[in-house]
Amino acid sequence: MNGSFRERSIVFVGFMGVGKTTVGKLVANKLYRSFVDIDREIEKEYELPTTEIFKQIGEKAFREKEKNIINNYVNQKLKVISVGGGAFLQEEVRDACINNCIVFHLDISWDSWKERLSILVDSRPVLQGKTIQEIESLFESRKATYSKHNSKLMTDNQSEEEIADSIINSLKLAWELYD
Ligand code: S3P
């Protein structure tokens, strides 16, 4: 991307329900940037919730739309972007994000994450119809998916506000050092 490192958009990636959207909104507010949630953008285009897009149109079309929308935003400056937990399964998406933005991987331990399962399952088609063991292996296998990042944060036992503040501090340091 052209333009300065300081103006690069910030991307949040990580497993479903880790807090990408909440943290992303907080970081966007603190930096006076606009926030984009890619899942919401996909839902707006289809005028359907994600579960219905998976059911009626299929995951393949969802992934294609996800890739196209992300490709459009990563080339814009000064955004904070939250991408869905499956977006980095596509190499093109991983590369587009890492080449044009600053990518934060929000991580969480399995023990903390599994407490959230019941509130996530209705809106996350990828979790539906799976046993807890299957979900745990998905959780483990996705770790490699998120390995392409600029910075990783373990979110266990931290409030969203604390996570957002530590991201801002890390960004300020990077901007001072590299710009
Ligand atoms: C998915 C994660 C979801 C959403 C879709 C598929 C995935 O986003 O994109 O349900 O495959 O991990 P969140 O990570 O925001 O829940």
Side-chain angles (χ1 to χ4, degrees), residues 9-28 34-74 79-98 101-110 112-149 151-156 158 160 163-164 167:
S9 288
I10 295 155
V11 169
F12 287 106
V13 71
F15 203 63
M16 284 162 270
V18 70
K20 301 180 292 282
T21 300
T22 314
V23 171
K25 279 184 186 161
L26 286 171
V27 169
S34 57
F35 174 73
V36 185
D37 184 308
I38 299 298
D39 286 336
R40 295 294 83 73
E41 296 301 309
I42 301 169
E43 291 181 335
K44 271 193 244 161
E45 288 226 3
Y46 284 111
E47 296 182 349
L48 288 171
T50 299
T51 36
E52 285 306 310
I53 302 172
F54 269 62
K55 247 189 244 164
Q56 295 179 26
I57 302 158
E59 181 171 353
K60 195 163 178 276
F62 178 91
R63 296 296 177 203
E64 196 58 28
K65 184 72 79 189
E66 182 174 50
K67 184 177 73 190
N68 293 338
I69 294 177
I70 292 172
N71 271 333
N72 172 41
Y73 279 111
V74 292
K79 301 260 179 263
V80 176
I81 305 164
S82 159
V83 304
F88 267 35
L89 290 169
Q90 307 189 70
E91 190 182 5
E92 207 184 316
V93 171
R94 292 197 297 269
D95 289 345
C97 291
I98 207 85
C101 305
I102 301 175
V103 178
F104 281 91
H105 170 202
L106 296 186
D107 200 6
I108 185 169
S109 69
W110 169 252
S112 300
W113 186 85
K114 68 175 192 250
E115 307 289 322
R116 303 181 183 182
L117 175 57
S118 59
I119 55 160
L120 296 173
V121 72
D122 284 350
S123 57
R124 306 307 198 283
V126 174
L127 300 175
Q128 291 162 10
K130 284 194 173 66
T131 64
I132 188 80
Q133 288 81 7
E134 285 168 337
I135 294 175
E136 187 174 3
S137 32
L138 177 71
F139 181 90
E140 289 305 324
S141 69
R142 283 282 181 87
K143 284 189 175 157
T145 312
Y146 310 130
S147 61
K148 222 174 221 185
H149 57 251
S151 186
K152 179 167 105 163
L153 260 108
M154 187 46 97
T155 62
D156 284 33
Q158 285 193 78
E160 275 120 355
I163 299 163
I167 287 163

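Just follow the structure's listing: the first ligand is 1, and inside any ligand the first atom is 1. Just so we're clear, the structure is a prediction, and the values are computed from it rather than from any experiment.
- Annotation for ligand 1: atoms under 4.0 Å from non-hydrogen atoms of P125 are 10 (O).
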Practice task
Decide side-chain contact (heavy atoms from CB on, under 4.5 Å) for V80 and F12; before the verdict, give the C-alpha distance in whole Å, the side-chain angles of both, and the deciding distance to 0.1 Å.
Solution key: CA-CA 8 Å; V80 176; F12 287 106; 3.7 Å; yes
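- At least one side-chain heavy atom of L138 sits under 4.5 Å from a side-chain heavy atom of F15.
- The proximity of E43 to ligand 1, defined as any non-hydrogen pair under 4.0 Å, does not occur for either the backbone or the side chain.
- Counting the atoms of ligand 1 from 1 in the order shown, those under 4.0 Å from a heavy atom of R142 are 7 (C), 11 (O), 12 (O).
- Selection from L127, T50, V126 by nearest heavy atom to atom 6 (C) of ligand 1 gives V126.
- Taking 4.5 Å as the limit, some side-chain heavy atom of L106 sits within range of a side-chain heavy atom of I167.
- With T50 as the fixed residue, the side-chain contact (heavy atoms from CB on, under 4.5 Å) test singles out one of K55, R124, E43: E43.
- Contact atoms of ligand 1 toward D39: 3 (C), 4 (C), 8 (O), 9 (O), 13 (P), 15 (O) (distance under 4.0 Å to a heavy atom of the residue).
- The option with the heavy atom closest to atom 11 (O) of ligand 1, from among E59, K20, M16, R63, is R63.
- Side-chain contact between L153 and D107 is absent, with no heavy-atom pair separated by less than 4.5 Å.
- Both the sub-6.0 Å distance and the 45° axial angle are satisfied by K65 relative to the ring of Y46.
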Practice task
Assess whether salt bridge (Lys or Arg N to Asp or Glu O under 4.0 Å) is satisfied between K148 and D95, documenting all intermediate values.
Solution key: CA-CA 8 Å; K148 222 174 221 185; D95 289 345; 2.6 Å; yes
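- Geometrically, ligand 1 and G86 share a nitrogen or oxygen pair separated by less than 3.5 Å.
- Near R124, meaning under 4.0 Å from one of its heavy atoms, ligand 1 places the atoms 13 (P), 16 (O).
- For a threshold of 3.5 Å applied to N or O pairs, the pair formed by G85 and ligand 1 contains at least one separation below that value.
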